[in-house]
Amino acid sequence: MSSRQANGSSGNSSSWDRNTSLWITGLQHDVSYSDLCCGMKNTGKIRHIHITRPDQKHANTRAARVVFFRHDAARKVIDRAREGTFVVQNIRPTVVWNRRYTEEMSPWGRSRVLRIEGPLEIVNQNFLESFWGREFYWGTEWVEIIVQCPYRGCGKLLYSFASWEAQAERAGNMLRDAFGDRVYVSYDRDWCEDSYYWS
C-alpha cells in the first residue's frame, strides 16, 4: 500500500506524488519548533510548521503538520523515518504524507527566516515581539543577534519563524509599512536547507 493510499488521500496519483505536506505523530508533549527542526536539518526549505496542542485523548504526545516548498525535501523526511534515522528529542516519531495536499511552490525569494537591520530601539527582540504581538501569533525556532551596538544605536538580527507565509512575510510587511526605510528587512537562509546555498 502506498503512502498516499495509507493516508486516505484521493485524487490524481501524479498530483499526489508531488505533495509537500507531512503529518508527524508521537512527538513528546513539550516538543518545540527548534526540537522538530533539528530532526529535519539538511532536508530542504520549510514553508510552514504547526505543532498541535495536547488534548484529552493524546495528553502526553503531540502531532505536527510540516509543509516544505519542494516535494523532494518532504520525501527526505519520509525516507529518514522509514530508515529509523528521523529522531526528535531522542524518540522516533511516525511520519506520513498529510491528507491535506499542498502543491509545490518555488522557494525563490521566500524564507521563514528574516534578517532585520536598523535602529536599536526597533531592532531588538523585546520591541519586535511586542510590535508583532499586537497583530498576530507566531512560532519561533530561534533568534540570533548579530549586532547590538548601543554606542552606534544600531541592531541586526536573524529571526526564524515557524512559517513563511503567515508569519515571516507578515512580520516583514508590518515593519516595512510602519518604519519604511528606517528598517531593512530581507529573507535569509533556512537552516533546514540541504546546502549553504539558498534561493
Side-chain angles (χ1 to χ4, degrees), residues 1-113 136-142 160-171 187 190-194 198-199:
M1 182 179 290
S2 70
S3 296
R4 181 174 62 86
Q5 293 171 323
N7 285 284
S9 304
S10 60
N12 184 284
S13 62
S14 62
S15 174
W16 278 97
D17 287 344
R18 304 310 297 170
N19 192 7
T20 63
S21 182
L22 303 177
W23 183 245
I24 302 174
T25 56
L27 298 166
Q28 296 193 48
H29 72 281
D30 61 346
V31 67
S32 68
Y33 289 102
S34 180
D35 294 328
L36 186 55
C37 287
C38 278
M40 297 187 290
K41 290 288 177 67
N42 299 315
T43 55
K45 187 182 285 188
I46 293 172
R47 180 176 172 182
H48 172 83
I49 308 172
H50 174 70
I51 298 175
T52 64
R53 295 180 178 180
D55 56 35
Q56 291 182 348
K57 186 177 179 181
H58 304 97
N60 296 319
T61 64
R62 301 180 79 169
R65 179 178 181 239
V66 179
V67 181
F68 289 85
F69 283 94
R70 296 297 197 192
H71 169 80
D72 290 348
R75 167 63 67 184
K76 288 178 183 178
V77 180
I78 288 279
D79 290 344
R80 286 184 186 181
R82 288 174 176 169
E83 294 164 359
T85 59
F86 179 60
V87 178
V88 179
Q89 292 179 297
N90 298 315
I91 64 169
R92 294 180 174 84
T94 299
V95 185
V96 297
W97 294 108
N98 198 317
R99 295 180 184 182
R100 186 176 174 184
Y101 172 78
T102 305
E103 292 184 353
E104 288 189 318
M105 174 183 281
S106 171
W108 180 261
R110 301 179 173 106
S111 176
R112 61 194 178 91
V113 182
F136 71 102
Y137 171 81
W138 69 94
T140 306
E141 182 192 356
W142 50 264
S160 182
F161 292 86
S163 166
W164 159 66
E165 203 163 13
Q167 298 177 18
E169 185 180 44
R170 186 170 182 180
Y187 290 124
D190 185 331
W191 287 7
C192 287
E193 291 184 67
D194 56 0
W198 71 281
S199 57

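Position 1 is the first residue of the sequence, and the numbers go up from there.
In terms of heavy atoms, A171 sits closest to F136 at CB-CZ, 3.9 Å. Minimum interatomic distance between P93 and L27 (heavy atoms only, all atoms of both residues): CG-CD2, 3.7 Å. The two residues A73 and G44 have their closest heavy-atom pair at CB-CA, 3.6 Å.
Side-chain atoms of Y187 and E169, non-hydrogen and from C-beta on, do get closer than 4.5 Å to each other. W142 is not listed as a side-chain neighbour of S34, based on a closest heavy-atom distance of 4.5 Å or more. Residues R82 and V77 are not in side-chain contact: their nearest non-hydrogen atoms beyond the backbone lie 4.5 Å or more apart. At a threshold of 4.5 Å between non-hydrogen side-chain atoms, the residues C37 and I49 count as touching. Counting heavy atoms from C-beta on, the side chains of Y33 and I51 come closer than 4.5 Å. In this structure, the side chains of F68 and R75 stay at 4.5 Å or more apart for every pair of heavy atoms. The side-chain heavy atoms of V88 and I24, taken from C-beta on, include no pair separated by under 4.5 Å. V113 is not listed as a side-chain neighbour of E193, based on a closest heavy-atom distance of 4.5 Å or more.
If you take CD on E141 and CG on D190, they are separated by 7.0 Å, rounding to the nearest 0.5 Å. Between the CG atom of D17 and the OH atom of Y101 there is a distance of 9.0 Å, given to the nearest 0.5 Å. For the atom pair D72 CG and D79 CG, the distance stands at 10.0 Å (nearest 0.5 Å).
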T102/R65 under side-chain contact (heavy atoms from CB on, under 4.5 Å): CA gap, chis, key distance, verdict: CA-CA 11 Å; T102 305; R65 179 178 181 239; 2.9 Å; yes
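T20 pairs with exactly one of E104, M105, R70 by the side-chain contact (heavy atoms from CB on, under 4.5 Å) rule, that one being E104.
Of the possible donor and acceptor atoms, one in the side chain of H71 sits under 3.5 Å from a partner among the backbone N and O of N19. Side chain of T52 to backbone of A63: a donor-acceptor contact under 3.5 angstrom is found. The backbone N or O of A162 lies less than 3.5 Å from a partner atom in the side chain of Q167, making a donor-acceptor pair. Counting only distance, with no hydrogens or angles, the side chain of D35 and the backbone of S32 share a donor-acceptor pair below 3.5 Å. Checking side-chain atoms of Q28 against main-chain N and O of Q89 turns up a donor-acceptor pair under 3.5 Å. Between the side chain of T85 and the main chain of R80, a donor-acceptor pair closer than 3.5 Å is present.
Residues meeting the side chain to side chain donor-acceptor pair (under 3.5 Å) test with N90, sequence neighbours left out: none.
Classified by interplanar angle (parallel below 30°, tilted 30° to 60°, perpendicular above 60°), the ring pair H50/H48 is parallel. The aromatic rings of W138 and F161 sit perpendicular to each other, their planes meeting at more than 60°, with 30° as the lower class boundary.
Electrostatic pairing of E165 and R47 counts as a salt bridge here, judged by a charged N lying under 4.0 Å from a carboxylate O.
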